[in-house]
Colleague: 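Shown below is the structure under consideration.
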Amino acid sequence: MAAEPPQPPTATPDASGGGSSDNLLPLVYDHLRALARAKLASESSAQSISPTALVHEAYLKMVGTDKPWHDKRHFFAAAALAMRRILVDRARARQGPKRGVIDSRVSLEMVQDGAASDGPTPADILASDWIALEQAMTALEAHDPLLAEVVHLRYFAGLTVDETALAMGVSPRSINRDWMIARAWLLRRIRDASDAS
Amino acid sequence: MTRPTATNDDWSLVKAIAGEAFDLPAEQRAAFIKERCAQRPDLLEQVRDLIGVASTRTSILDAGGIPSDMLAAALDITPVVEGARIGRYVIGPPLGTGGMGTVHQAFDPSLSRTVALKFLTHGVASPRARRRFEVEARSLARLDHPAIARIFEAGVHVAEGNPVSVPFIAMEFVPEARTLDAWMRERHPALRDTLAMLAAICDAVHHGHQQGVLHLDLKPSNILVGKDDAPKIIDFGVARLRSDADAVATATRADLGGTPAYMPPEAFDGASATLDTRADIFALGAIMYEVLAGTHPRDNPSLSMQQAAAFVRDRQPEKLSGRRRDCKGDIETVVHAALDPDRAKRYQSAAELAADLRRILEHRPIVARPVSFARHIALFARRRKAIAAATVIAALGLGAGFIALQTGLSRARASEAIAREEADRARRSSQFIMGMLRAANPFAGESVLTAAPDWSGWNDPWPPVGDPDKAPSIGDLLAAGIDRLDVAFPGDLQMQADMAITLAETAEALADRRADLLLERAVEALSAAHGPDHPRTLVARHLLFNWQAIKGDPPPLETLDRHISTIRSVASDNRPLLSSAATLSMRLMVNAGRLDDAIALGTAVRADLARGHDDDPTLLNADLSFLDITIAGPESAAKALERIPELLARSKRLDAGEGLHTLSVLFHQQRWQREAGRLAEAAATIRHGAELATRVHGSRNKGMYEWWTNLYFVALILKDYPLAEEAARQQVAVAQGMLGPRSLYTTKANGRLARALLSQGVRLEEAQRAARQAVDGAPELLEAGDGWAIFHESLWAWSIRLQGDWAKALDILRQRMAVETAAGRPATVDWAELVRWAELAQGQMDGALAHDEWTSREPDIRAAVERAELHASRMSPDWPSVTLVEAARARFEAERAKRR
């Protein structure tokens with residue numbers, strides 16, 4: 001009856017510094033889902049669901065103690081991966097019936113810097129965007145696992161720059177830089193894939 | 001891939017150059033990378049491309065993290081689709097999401113009913129969590145209030161391939177329902193109607209609280225208004241279910257899933273705060289504010305947790321009157337008292353909140369804050385109260401108001417208003433009683449008091465009661481009281497019920513059938529005041545059932561089953577009630593031939609009563625009553641008698657010697673001795689008991705009446721008719737002395753006296769007089785075809801027959817039977833037997849044969865004949881004796897055989 005049964009991830013980055021997120025991932029996945037749904041239900045507004053809050057809440061529930069940040073790295077890596085999984089699952093499910101028609105037509109909307117004062121809105125994101133991002137992320141994991149981890153923590157787990165720095169044991173400035181590069185790399189990759197089709 | 005793959009070293013270099021470039025202002029980057037790539041021109045294009053693409057803003061990576069909507073959409077994995085079956089339910093269209101899950105209309109084909117099926121968002125992980133979830137759900141299923149949507153069932157749906165099973169709840173479906181806020185927008189109800197609606201909602205919340213269930217997510221969208229404009233609260237207790245369903249220890253308050261804008265400040269205090277009923281009070285306050293003002297007190301009903309917490313910390317809601325002018329004064333006070341950030345200063349129960357809303361509706365002073373002296377006077381003037389009462393109460397108000405100022409405690413304020421309330425009640429009660437007493441006196445209108453303007457007895461005169469040519473009977477007055485309750489205690493349902501029960505008790509003692517009406521009225525009032533299954537309502541309903549059983553018109557066993565199980569679930573602390581209700585049920589079960597059920601019920605209730613209690617009078621009485629009921633025949637009686645030493649030891653311990661409880665054991669002992677056929681022992685026990693009873697109670701009371709009754713029955717069985725006569729005379733004396741000639745007890749006693757005399761065949765005139773008095777004593781019984789009345793009339797007929805007037809006796813019996821038949825009451829087999837004997841005795845074979853045909857249609861004719869013979873065997877030789885019956889039957893059988 002479930003429209004979208006969760007699947008264990010097909011690939012796990014070892015960027016977390018060990019294989020333990022493998023075991024953690026399904027658990028985190030369920031918890032994030034449960035938490036997010038509870039949050040969605042209780043706050044009755046989708047706006048209130050932030051990945052940051054979710055991941056932190058999941059951490060409190062599953063780990064629960066104030067461990068030093070570097071110990072949280074495994075957890076947050078798994079959480080990020082779960083989040084990524086959730087989003088792409090959904091995107092694939094939505095795209096499902098039309099597969100083949102729009103699969104290759106990546107329609108990532110690109111707006112030139114400063115051209116649109118409002119900036120992009122979530123509604124602009126199409127399912128295909130997530131799939132494109134997913135493909136780019138898979139490539140980045142292979143190309144530069146550490147950069148991929150920065151994206152995981154910063155973007156998918158929603159950690160701040162400082163938190164990501166603490167978790168990865170590097171300076172915030174370094175994280176900032178890595179984030180800029182990773183983001184540029186991903187965008188380039190998505191653009192190229194789009195152009196190629 | 002359109003680009004050449006960089007080697008690892010190359011990539012490191014690209015990263016380094018790009019990274020440094022990103023640190024620079026955008027306009028300096030181009031020059032910088034050109035310079036840094038001077039030695040590696042092959043990398044320049046790549047670095048430039050990276051820097052260039054970075055200035056592109058995208059919807060996906062630059063919307064401030066993962067967009068919430070996106071995530072929400074991704075997580076909204078609906079476990080059901082329309083038309084699917086979950087358990088026995090066929091899923092219908094969705095009714096909405098939110099409120100902790102998605103809700104679908106669904107159909108339950110096995111019960112042919114539509115339900116609302118809610119899927120909770122929390123998964124159930126372990127079997128243990130699942131069991132707890134189901135147990136909790138069952139306890140919620142017991143919430144039974146007209147304004148609470150019932151929970152029928154809870155289950156766990158294991159979706160294929162989903163590791164998290166989805167708990168669901170089947171709830172009452174409210175057709176054509178709107179949410180409270182939608183209803184408000186649509187109807188624009190008058191202020192009074194809005195307040196009445198809110199009070200009804202508070203009542204329901206209070207009911208839940210009394211059952212130990214918190215709502216914890218009260219908000220307008222959880223309150224539906226059906227097409228009858230009656231509120232229905234949904235999701236009651238679902239918060240608790242959710243926390244139970246959650247396998248992970250609940251760490252934070254937020255997990256309970258309330259809606260932040262309706263959560264009280266203490267909910268944001270962190271994990272340490274435990275929420276109680278006052279959290280729901282706060283939510284009720286927020287709902288009231290929103291419904292009345294059209295705006296949420298925290299401005300926005302969909303605040304996030306953080307925003308709500310910040311609001312609580314930094315701001316107070318704007319005064320209600322600032323948003324709606326006509327709420328200034330009491331309404332504003334009530335709403336803000338419910339919203340008080342300090343829960344100790346809030347209303348402490350939803351009932352108090354409801355009561356204040358109703359006080360506003362009735363222009364009475366509210367409890368929520370001290371009321372000024374001038375305001376008292378104004379209110380009292382509005383309600384045209386007696387000056388004396390107003391002065392007393394205003395003085396009370398001043399004193400209490402002063403304390404309230406000193407301490408700032410709302411409790412003190414409340415006590416002031418409660419004192420005023422009680423004084424008001426007392427005054428209304430005394431007026432009611434005065435009105436009743438004056439209505440009893442046809443000459444009351446002539447009193448000089450009429451001229452005394454301030455005499456409060458005249459404030460509320462009753463209209464004439466009963467027959468204008470006669471002084472009304474007490475029964476007439478009691479019955480008229482039913483109609484006066486509304487007038488005397490407007491809106492005070494509790495007082496109406498209390499008064500109705502008091503009147504009913506009197507009516508019962510007078511054998512007035514209108515006791516039913518009074519008790520029904522009490523049940524009705526209590527249901528309306530507290531809910532149909534409130535502990536107080538249950539007591540009144542029990543009194544009603546008991547009285548119906550005494551009258552011989554008991555409620556069906558299924559009704560009693562439900563009654564008992566309700567008592568066990570909501571009023572188990574009222575042990576005497578539980579014990580008495582079980583006794584009634586067991587007795588009726590035994591009468592229906594369900595001895596095993598009766599024993600099972602007795603055993604279960606006995607365990608309930610003993611739980612957490614040492615031996616006490618309730619337990620002793622339950623043991624006595626329950627044993628008593630299971631006795632049928634000498635064997636079981638002998639077995640019960642074996643327990644007497646133990647029971648006596650217990651009673652003597654409770655009495656610290658011989659007293660009330662010992663009396664109770666002795667009472668049962670003699671009954672069981674009689675049943676066991678040990679009549680001499682029984683007589684000895686009765687003498688001991690009667691003696692003790694006189695010591696304990698004195699000689700003239702209901703207890704003594706019972707002892708004489710028992711002595712009478714033992715004497716009857718011993719065929720010691722003089723003793724029976726003496727016992728009956730004592731009963732008549734006690735009953736007549738206590739209640740006068742027209743009472744159930746007096747008629748019974750007179751009937752027994754008549755029987756004792758007839759059995760001796762002596763003083764027939766006196767016997768006839770006693771029988772006549774029994775017949776006349778309670779004419780209402782005769783009209784209603786009560787078993788006693790029939791018995792009394794037959795005694796009267798027999799007294800006449802004994803004087804030799806067979807024809808007249810038969811005539812009386814036939815008339816009686818005609819009355820019964822005309823009233824649509826089938827004559828009893830016993831009754832038919834009496835007529836048949838009379839006919840047999842007169843040799844009227846045709847009539848007897850006709851009756852035989854009638855009686856042979858009765859399946860238990862054989863039992864009836866045996867019973868009749870048993871009766872006969874206990875009678876004097878003048879009563880149709882065994883011989884007479886046997887002889888008559890022999891003749892009768894021969895005649896019947898001949899006719900065939």
Side-chain angles (χ1 to χ4, degrees), chain A residues 1-6 26 30 33-34 36-38 40-52 60-62 64 83 86-87 89-90 108-113 119-125 129-130 133 143-144 155-156 158 177-178 180-181 183-188 191-192 195-196, chain B residues 1-3 11 15 18-19 22-23 49-51 53-63 65-81 84 86 97-101 121-123 157 159-164 242 248 251-252 254-255 257-260 302 304-305:
Chain A
M1 214 60 63
E4 189 52 32
D30 283 352
R33 186 177 291 240
R37 290 177 142 197
L40 173 62
S42 65
E43 313 211 340
S44 66
S45 158
Q47 308 292 350
S48 57
I49 300 185
S50 87
T52 317
L60 278 178
K61 289 193 98 171
M62 298 184 66
M83 196 70 78
I86 287 169
L87 288 162
D89 279 354
R90 164 71 178 183
L108 182 62
E109 187 180 328
M110 296 207 175
V111 189
Q112 281 307 304
D113 198 10
T121 66
D124 298 330
I125 306 177
D129 298 342
W130 286 108
L133 178 61
H143 183 68
D144 190 332
Y155 184 70
F156 287 101
R177 230 186 236 185
D178 284 354
M180 297 284 275
I181 296 164
R183 177 177 164 277
W185 195 94
L186 288 170
L187 291 178
R188 195 181 65 182
R191 183 198 61 198
D192 291 351
D195 290 348
Chain B
M1 186 88 43
T2 52
R3 271 165 211 282
W11 173 240
K15 273 210 293 189
F22 282 133
D23 285 349
D49 195 14
L50 269 181
I51 299 290
V53 81
S55 64
T56 306
R57 300 201 65 79
T58 66
S59 55
I60 193 159
L61 284 170
D62 299 300
I66 299 171
S68 297
D69 282 7
M70 201 67 217
L71 186 56
L75 291 163
D76 181 25
I77 294 169
T78 315
V80 289
V81 288
I86 300 268
T97 46
M100 304 177 214
T121 46
H122 265 201
H157 169 56
E160 202 183 323
N162 192 334
V164 181
R242 279 167 34 81
V248 183
T252 59
D255 298 327
T259 306
S302 44
S304 74
M305 192 69 86

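Values reported hereafter were calculated over all heavy atoms of this structure, with side chains retained and with hydrogens, waters and symmetry mates removed. Keep in mind the model is a prediction, meaning the values are calculated, not measured. Order of the sequence lines fixes the chain letters, A, B, ..., with proteins taken first and strands second; residue numbering starts at 1 for each chain.
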Colleague: Below 4.5 Å from any heavy atom of chain B, which atoms of A:Ile181 appear? Answer side chain, backbone, both or neither.
Modeller: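 Contact with chain B: backbone and side chain both.
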
Colleague: Give the minimum heavy-atom separation between A:Arg188 and B:Leu50, together with the two atoms involved.
Modeller: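 What the structure gives for the nearest pair is NH1-CG, 3.7 Å.
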
Colleague: Identify the two heavy atoms, one from B:Trp11 and one from A:Asp144, that lie closest to each other, and give their separation to 0.1 Å.
Modeller: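 Closest approach of B:Trp11 to A:Asp144: NE1-OD2, 2.7 Å.
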
Colleague: Is the backbone of B:Ala54 close enough, under 3.5 Å, to the side chain of A:Arg183 for a donor and an acceptor to pair up by distance?
Modeller: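 Indeed, once roles are kept as given, a pair shorter than 3.5 Å links the two residues.
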
